[in-house]
Amino acid sequence: MPLSHTLSKPNTFRKLAETAQAIAETRGSNAKIARCSQYFSTLENDRDLDLAACFLGEGAFSDVSGKRASVGSRTTSTLAADFCEIDYDLVFKPCKTATGSASETIEKLFTNIQEAKDKWSGRGLSLEEVKNIYDRLYEVSSRNDKQQILQESWEQMTPLEVKYFIRIMGRGSLRIGFESKSITSALAKAFDHPVKDIRHVHMLTGSIGKTAVMAKNNQLHEADFQLFQPVAFMLASPVESRSVEDFEAYVAEEKFDGMRCQLHAKGDEVKIFSRDLNDISGSFPEIIKEFAAKELPGTVLDGEICVYKEDTIQPFQLLQQRMGVKKPSKKIQKEYPVALISFDVLYHNEETLFAKPLTERRKLLNELSGEYQLPVTIQKAITAEEDVDVLFKQALEHGNEGLMLKHKHSAYEYGQRKKSWLKVKQPGGSLDTIMMYAHAGSGKRGGTYSDFTLGVSVREDERYEEEFIPIGKAYGGYTDDELKKLNARIKEITAEKYGPTLGLYPDIVIELEFDDIQVNKRTKANYTLRFPRFKAIRWDLSPDDVDTLKDVERLFEEKLNQERLGQAQNPSFEVK
DNA sequence: ATTGGCTGCCC
DNA sequence: ATTCTGC
DNA sequence: GCAGAATGGGCAGCCAAT
């Protein structure tokens with residue numbers, strides 16, 4: 001069979017890469033959807049459709065598979081440099097800075113460099129073969145083995161294929177203006193089903209590939225919720241309390257600064273899943289044991305895991321030291337005792353409750369709390385903004401993050417960020433900082449400096465010799481227009497260039513907003529900021545006006561002195 | 001046996 | 001997590 | 001109003017270098 005014929009077959013990886021590129025170059029979401037839909041229609045084989053939908057919509061592995069390639073930009077980039085026989089630091093890195101994308105750089109280099117072209121066998125791979133490569137990458141662990149597999153694969157791919165192979169392998173976006181919403185629309189169009197049906201089945205199965213196959217074979221109605229298979233979480237939209245209109249329609253509960261989780265239980269079988277649908281049961285054995293002992297009938301709960309010690313909810317930083325621990329020792333379990341505080345019930349006694357209004361789900365949750373001794377959040381009625389203000393203050397006193405306002409009649413809208421759940425938070429503070437370094441952006445921000453290191457003043461601080469020291473980085477909170485102005489000014493105040501980073505003369509003052517200050521001994525300042533973002537570019541201020549490290553220390557002390565109220569007084573959760 | 005770099009995944 | 005932009 | 005895209009800090013786990 002002639003090569004060209006083989007390669008034009010729809011089930012080749014080349015066809016998928018070409019389709020992705022065509023989608024990227026197409027303007028307008030409807031046109032993109034049409035282009036993708038047409039591609040899906042050409043895939044005759046179920047397995048190929050499964051893989052194609054998974055690659056375009058989720059990546060190398062289905063979200064619920066728990067598998068990862070564990071290949072990052074360093075591994076791919078150094079190998080790419082070797083592949084082209086160029087120096088990584090001297091040639092590859094500058095190219096990456098210019099294009100703003102490692103995979104884009106690799107595509108360009110492979111297209112233009114003879115050493116890379118010489119390695120190409122031109123054989124081409126099927127979707128199934130590429131899937132096998134991803135599986136092999138998951139199975140090996142050393143970087144050498146991973147690079148060996150990558151090298152062999154790239155020899156059989158065109159530069160365009162390599163680009164998408166890398167993007168699919170990572171957990172990030174394909175950056176073709178086409179994420180899960182568009183994929184579901186494309187499947188709806190290709191196989192003639194309502195978008196909402198496709199979306200619903202996607203939520204239930206957790207797999208876009210499976211959903212695609214079911215859509216093709218008219219099996220969407222067969223999809224059903226299954227215990228121990230996690231569903232996407234309902235998310236909340238940020239609001240300022242003054243912008244809420246009908247307070248009576250909402251109930252308030254405190255927003256815990258912990259780890260969101262979905263618990264599935266039946267008898268002594270219990271599993272918990274993280275927001276990204278990873279199985280995190282192993283990290284919290286005492287929660288598993290505790291719920292196993294309760295012998296619940298088939299039940300799914302939505303809640304938050306917190307470190308809870310001496311009747312007090314402990315800071316998130318303490319929980320962080322447990323989150324990633326795969327097999328926590330007895331010592332760790334004792335030092336960081338955790339509690340799962342539930343706030344919703346999604347399934348009980350063979351019945352899914354997603355479509356029921358919140359009030360009804362809550363009624364059941366309260367009953368379960370009484371029957372099985374489950375800690376649940378306390379919901380409070382509100383009628384006006386003043387109520388929210390009072391409750392918000394109480395939440396902060398508990399060491400909680402803020403308030404959730406939940407629409408009383410809302411269904412559990414999984415996987416979506418709607419206005420049924422609102423989160424009310426308040427910035428932890430702000431600092432006037434100096435811009436110290438500017439870093440090259442990537443993707444659509446390629447070619448500009450879009451990411452900045454901000455510093456506080458230590459000019460009159462005997463502990464330091466320099467004028468300013470970094471306190472955090474920020475990349476957002478400015479408009480595209482402001483970014484242009486910043487880039488113009490940066491050109492004029494560049495002192496040094498280190499690869500993708502510019503060292504700047506002190507000139508631009510940024511009002512930096514953040515949610516929290518934390519101690520971090522590994523940094524020069526000893527402190528870092530949680531969720532730093534631009535609040536304003538202070539063209540009106542000069543480097544002399546920048547806040548000092550002593551100001552940071554003072555803010556931190558103030559925070560520490562606000563003692564956390566134990567749950568014994570005025571609790572934010574209870575057992576009915 | 002330690003340390004540092006890379007990766008994934010919580011917020 | 002947060003934020004801005006295009007549709 | 002939603003979806004998409006580009007990015008923050010910090011932790012554990014794992015591998016590579018020393």
Side-chain angles (χ1 to χ4, degrees), chain A residues 27-32 66-78 100-101 140-146 169-185 235-238 255-261 274-278 280 283 304-306 315-328 332 336 401 415-419 423 425 427 439-446 448 450-454 470-483 512-523 527-535:
Chain A
R27 292 285 139 243
S29 7
N30 285 337
K32 282 173 189 274
K67 292 185 182 178
R68 308 288 178 263
S70 288
V71 174
S73 66
R74 188 81 190 187
T75 305
T76 43
S77 296
T78 50
S101 160
V140 302
S141 56
S142 82
R143 191 182 304 156
N144 254 345
D145 288 348
K146 285 182 193 290
M169 179 171 59
R171 304 268 298 151
S173 152
L174 285 191
R175 298 204 308 252
I176 55 175
F178 202 77
E179 299 290 311
S180 70
K181 171 70 196 307
S182 307
I183 293 275
T184 46
S185 300
L235 304 172
S237 309
K255 184 179 190 304
F256 296 82
D257 191 9
M259 188 179 181
R260 184 87 180 270
C261 78
S274 69
R275 221 187 87 153
D276 278 6
L277 308 186
N278 292 308
I280 51 166
S283 299
E304 192 91 359
I305 294 176
C306 297
F316 179 71
Q317 249 189 325
L318 264 69
L319 181 65
Q320 267 188 302
Q321 289 167 54
R322 274 213 56 169
M323 281 186 328
V325 180
K326 286 193 170 162
K327 287 186 178 165
I332 282 185
Y336 305 104
E401 256 188 344
Q416 292 173 63
R417 202 178 288 282
K418 285 261 186 90
K419 286 299 164 89
K423 59 178 156 189
K425 286 171 73 170
H439 311 271
S442 61
K444 65 186 172 190
R445 285 178 177 175
T448 60
S450 59
D451 181 15
F452 308 99
T453 300
L454 293 315
I471 189 69
K473 284 170 80 187
Y475 60 88
Y478 47 71
T479 63
D480 285 1
D481 238 24
E482 288 173 318
L483 186 61
L512 189 63
E513 191 174 67
F514 52 88
D515 274 15
D516 206 2
I517 300 179
Q518 301 168 330
V519 174
N520 184 333
K521 292 265 184 279
R522 292 191 300 268
T523 61
Y527 295 94
T528 53
L529 306 175
R530 193 175 180 199
F531 304 137
R533 64 259 183 188
F534 278 41
K535 189 176 183 198

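Keep in mind that the numbers below use all heavy atoms, side chains included, and drop hydrogens, waters and symmetry copies. The sequence lines fix the lettering, A, B, ..., with proteins before strands; numbering per chain opens at 1.
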Separation of D:dG1 atom P from A:Lys419 atom NZ, nearest Å, is 5 Å
Find every protein N or O atom lying less than 3.5 Å from an N or O atom of nucleotides 5-7 of chain C, and list the pairs.
| unit_1 | atom_1 | unit_2 | atom_2 | d |
| --- | --- | --- | --- | --- |
| C:dT5 | OP1 | A:Asp480 | N | 2.9 |

Taken to the nearest whole Å, CG/A:Asp451 to C1'/D:dA5 is 14 Å
Separation of D:dA5 atom C1' from A:Lys181 atom NZ, nearest Å, is 16 Å
Closest to the 5' end of DNA chain D, once A:Gly472 and A:Gly177 are matched to their nearest nucleotides, is A:Gly177
Hits for salt bridge (charged side-chain N to carboxylate O under 4.0 Å, His left out) against A:Lys255, two or more places apart or cross-chain, chain-then-number order -> A:Glu401
Practice item. Give A:Gly258 one of three labels, base, sugar-phosphate or nothing, depending on what nucleic acid heavy atoms sit under 4.0 Å from its own. Key: sugar-phosphate
The side chain to side chain contact (heavy atoms under 4.5 Å, CB included) partners of A:Thr479 (sequence neighbours excluded) come to A:Asp481, A:Glu482
A:Arg533 vs C:dT3: side-chain N/O to OP1/OP2 distance below 4.0 Å: yes
Residues passing the salt bridge (charged side-chain N to carboxylate O under 4.0 Å, His left out) test with A:Arg322, sequence neighbours excluded, are A:Glu286
For A:Phe316, which contact category applies under a 4.0 Å heavy-atom criterion: base, sugar-phosphate, or nothing? sugar-phosphate
Applying side chain to side chain contact (heavy atoms under 4.5 Å, CB included) to A:Glu304 and not counting sequence neighbours gives A:Phe256, A:Arg260, A:Cys306, A:Phe343
Inset, instruction - In sequence, state the C-alpha distance, the side-chain angles, and the governing distance for A:Lys425 and A:Asp257, and then conclude on salt bridge (Lys or Arg N to Asp or Glu O under 4.0 Å). - result: CA-CA 11 Å; A:Lys425 286 171 73 170; A:Asp257 191 9; over 6 Å; no
**Asked** Contact class for A:Lys146 (heavy atom, under 4.0 Å): base, sugar-phosphate, or nothing?
**Response** nothing
DNA chain B: first to last nucleotide in contact with chain A (atom under 4.0 angstrom from a heavy atom), 5' to 3', is B:dC6 to B:dC11
Mind checking A:Leu529 for me? I need base, sugar-phosphate or nothing, with any heavy atom below 4.0 Å counting as a touch. sugar-phosphate
Between A:Glu179 and A:Lys473, the residue closer to the 5' end of DNA chain D by nearest nucleotide is A:Glu179
Interatomic distance, CG@A:Leu529 vs CD1@A:Ile471, rounded to 0.5 Å, equals 5.0 Å
In whole angstroms, the gap separating P of D:dG10 from CZ of A:Phe514 amounts to 13 Å
Taking the inter-plane angle between the rings of A:Tyr478 and A:Phe534 on a 0 to 90° scale, is it parallel (under 30°), tilted (30 to 60°) or perpendicular (over 60°)?
perpendicular
Q. What nucleic acid atoms does A:Ile332 come within less than 4.0 Å of, heavy atoms only: base, sugar-phosphate, or nothing?
A. nothing
The answer to which of A:Arg74 and A:Met259 contacts DNA chain B further toward the 5' end, by nearest nucleotide, is A:Arg74
Whole-Å distance, A:Glu513 CD to C:dT3 C1', equals 11 Å
To the nearest angstrom, the NZ-C1' distance between A:Lys423 and C:dT3 comes to 12 Å
A:Arg445 atom CZ is separated from D:dA6 atom P, nearest whole Å, by 8 Å
A:Tyr527 meets the ring pair (Phe, Tyr, Trp, His ring centres under 6.0 Å) criterion, sequence neighbours left out, with A:Phe556
Sequence neighbours excluded, the answer for side chain to side chain donor-acceptor pair (under 3.5 Å) partners of A:Lys418 is A:Gln416
Residues at least two apart in sequence or cross-chain that pass side chain to side chain contact (heavy atoms under 4.5 Å, CB included) with A:Thr523, listed by chain then number, are A:Asn520, A:Thr528
For A:Tyr336, the ring pair (Phe, Tyr, Trp, His ring centres under 6.0 Å) test, sequence neighbours excluded, returns none
Whole-Å distance, A:Phe178 CZ to D:dC2 C1', equals 16 Å
Taken in chain and number order and not counting sequence neighbours, the residues that satisfy ring pair (Phe, Tyr, Trp, His ring centres under 6.0 Å) with A:Phe514 are none
Counting primed atoms, P, OP1 and OP2 as sugar-phosphate and everything else as base, the B/S/- map of nucleotides 11-18 of chain D against protein heavy atoms under 4.0 Å is SSSSSS--
